[in-house]
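Here's the structure we're looking at; comments come further down.
Each residue takes its place number in the sequence, starting with 1. Because only heavy atoms are used, hydrogens play no part in the values below, and waters and symmetry mates are left out as well, while side chains stay in. We count ligands from 1, going down the list as the structure has it; atoms in each ligand are counted the same way.
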Amino acid sequence: MPSRYIIIDVYECNGCGSCVEICPEVFAMNDEGDKAILLDSDAKITDKIEEAVAYCAQKCIELD
Ligand code: SF4
């Protein structure tokens, strides 16, 4: 299976934090607490990551 990358469109991110709640292994909030950041952009795509993508209200997490 080809490796996939996780990308957050930080312009669209509204800092709701749901991705961090669903998958804290991969997502975190930035120091300002207003945008999500990736802890590991090369993480294996798990069901939790897929769930975080599905629940992102802004649809700003992409799996490339
Ligand atoms: S779920 Fe989407 S909008 Fe919410 S913090 Fe994560 S990336 Fe940003």
Single-linkage hydrophobic cluster, 4.5 Å side-chain cutoff, Tyr55 and Leu38 together: no

Ile37 reachable from Ile49 in the ILVMFWY side-chain graph, under 4.5 Å edges: no

Glu62 CD: over 12 foreign heavy atoms closer than 6.0 Å: no

Which atom pairs, one a donor and one an acceptor, fall under 3.5 Å between side chains of residues 17-25 and the rest of the protein, sequence neighbours left out?
none

Under 2.8 Å from atom 2 (Fe) of ligand 1 - protein N/O/S, by chain and number: Cys56 SG

Taking atom 5 (S) of ligand 1 as the reference point, the nearest protein heavy atom with its distance: Gly17 N, 3.2 Å

Partners meeting salt bridge (Lys or Arg N to Asp or Glu O under 4.0 Å) with Glu50 (sequence neighbours left out): Arg4

Inter- and intrachain pairs under side chain to side chain donor-acceptor pair (under 3.5 Å), touching residues 33-49, at least two apart: Asn30-Asp34

